[in-house]
Enquirer: 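Would you mind keeping the following structure in view while I ask a few things?
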Amino acid sequence: MAEWDRWDVRKLRILRTLRDRGTVTATAEALLMTPSAVSQQLTNLSRQLGVRLLEAQGRRVRLTDAAHLVLRHAEAVFAQLERADAELAGYVRGEAGEVRVGAFSTAVPALVVPAVRALRTRHPALDVRVREAEAAEAYELLSAGDVDLALSLAAHAPTARDPKFTRVPLLADPLDVALPAAHPLASEPGLRLSDLSGEPWIFGGSGPWSEITRTACEAAGFVPEQAHSASGWTAILAMVEAGMGIALVPRMAAAERRGGVAMRVLGPDQPRRHVIAAVRRGAEEAPGVERVLQALREAAHTRHDRSQPPAPAP
């Protein structure tokens, strides 16, 4: 066996999935294998490489230092294979092809739809398939190969040091506060988030928006009192309009605004959420993915330039 024959890409992928998922059972589920098949493949890889890759830790297994060394090199191999696929796709398809995009709900109308419109004019043979997903779920879809590009929030994404992904910053989306139109602070000049510490708040019971709201309020010096729980902007703004509480609303969700709701720009402590695009490392060189990324950058730039603070309700 040649030296390089020991490096079995399929088995290395299983090892990487075990590192990411934590258990043999979870690895088997992710790869549609049986646990015994996962264990057998990793045993074979250990034998091929001549090093011990796993060791028992109670009822589970942990990766050895040798396994982590192997994976550091394997990540470079995976990235290079992505680049090879990208170049081959560009050679075979040219301007045509398919790019699958996973994006959270408010990013679809604000960024993805304008990008797709632009691409239909420039590259009509490029087919963009959109899949709505929660911000955190978008990364799971990307990692599993179910989408080629994910739009997510920086606060809910793997770190920039994660070797599996390339992250592209798109937009810092301001968070405005939604108040009932008749609220005493609806026309208050210089409104700050800290001025709203005693108000009842409306946000989700869990998930990204709950964390964003709590984090923003805590940064302003208080813990928000959650009066009602909802995750959709239609429900949240309907409750605000009814005087049931107030809410932070991303400016990207402007289309959801209601007549009985006053949208106020906050003062110097105005929170923002950071929208990013991500691809599997190396895949950004695929012509189709590169074109979609560029169209998303342009949509984000246009949105930033045209975004105007909403006027207080009369």
Enquirer: Any sub-3.5 Å donor-acceptor pair from R120's side-chain atoms to A125's backbone N or O?
Expert: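 Answer holds: no.
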Enquirer: Looking at R291 and L293, would you say the former's side chain and the latter's main chain have a donor-acceptor pair under 3.5 Å?
Expert: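 Pair absent, no side-chain N/O of R291 close to backbone of L293.
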Enquirer: May I ask you to say whether E140 pairs ionically with K164, meaning some side-chain N is under 4.0 Å from a carboxylate O?
Expert: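 No, no charged N to carboxylate O under 4.0 Å.
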Enquirer: CE of M239 to CE of M244: how many Å apart, nearest 0.5 Å?
Expert: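 Result: 5.5 Å between the selected atoms.
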Enquirer: Can you confirm whether the side chains of T106 and R273 place a donor and an acceptor under 3.5 Å from each other?
Expert: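 T106 vs R273: donor-acceptor pair found between side chains.
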Enquirer: Got a donor-acceptor contact below 3.5 angstrom from the T215 side chain to the E211 backbone?
Expert: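 At least one qualifying donor-acceptor pair exists.
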Enquirer: From T17 OG1 over to E29 CD, what is the distance, rounded to the nearest 0.5 angstrom?
Expert: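 Separation between the atoms: 12.5 Å.
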Enquirer: Who passes side chain to side chain contact (heavy atoms under 4.5 Å, CB included) against A118, sequence neighbours left out?
Expert: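 A118 satisfies side chain to side chain contact (heavy atoms under 4.5 Å, CB included) with R122 only.
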Enquirer: Please determine if R129 and D127 form a salt bridge, counting it only when a charged side-chain N lies under 4.0 Å from a carboxylate O.
Expert: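 Counted as a salt bridge, because a side-chain N and a carboxylate O are separated by less than 4.0 Å.
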Enquirer: Please determine if R16 forms a cation-pi arrangement with F78, meaning its NZ or CZ atom is less than 6.0 Å from the six-membered ring centre and no more than 45° off the ring axis.
Expert: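 Yes.
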Enquirer: Flag yes if L191 and F222 sit in one hydrophobic cluster, no otherwise; membership is Ile, Leu, Val, Met, Phe, Trp, Tyr, and two members link when side-chain heavy atoms are under 4.5 Å apart.
Expert: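 In one cluster: yes.
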Enquirer: Between E225 (side chain only) and G198 (backbone N and O only), is there a donor and an acceptor less than 3.5 Å apart?
Expert: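 Checked: no pair found.
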Enquirer: Examine distances only and state if a side-chain atom of S194 and a backbone atom of A220 form a donor-acceptor pair shorter than 3.5 Å.
Expert: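 No.
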Enquirer: Does E199 use its side chain to pair, donor to acceptor, with the backbone of S197 at less than 3.5 Å?
Expert: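 It does not hold such a pair.
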Enquirer: For R6, is there any backbone N or O sitting under 3.5 Å from a side-chain donor or acceptor partner on Q48?
Expert: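 The answer is yes, because a donor-acceptor pair under 3.5 Å joins these two groups.
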Enquirer: Can you see whether T23 engages T25 through a side-chain donor-acceptor pair at a distance of less than 3.5 angstrom?
Expert: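 No.
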Enquirer: Are V51 and V9 connected, step by step, through hydrophobic side chains (Ile, Leu, Val, Met, Phe, Trp, Tyr) whose heavy atoms are closer than 4.5 Å?
Expert: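 Yes, it is one cluster - the side chains of V51 and V9 are joined through contacts under 4.5 Å.
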Enquirer: With the threshold set at 4.0 Å, does a side-chain nitrogen-carboxylate oxygen contact exist between D148 and R100?
Expert: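 Looking at R100 together with D148, the answer is yes, because their closest N to O distance falls below 4.0 Å.
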Enquirer: What residues form a side chain to side chain contact (heavy atoms under 4.5 Å, CB included) with E132, not counting sequence neighbours?
Expert: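 E132 satisfies side chain to side chain contact (heavy atoms under 4.5 Å, CB included) with S105 only.
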Enquirer: Please tell me whether Q294 and E290 have a donor and an acceptor in their side chains that are separated by less than 3.5 angstrom.
Expert: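 No donor-acceptor contact under 3.5 Å links the two side chains.
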Enquirer: Side chains of R264 and L179, heavy atoms from C-beta outward: is any pair under 4.5 Å?
Expert: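 They are in side-chain contact.
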Enquirer: State whether a side-chain donor-acceptor pair under 3.5 Å links D8 with Q41.
Expert: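 No.
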Enquirer: Applying side-chain contact (heavy atoms from CB on, under 4.5 Å) between R303 and each of L170, V275, L171, report the one that passes.
Expert: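 That would be L171.
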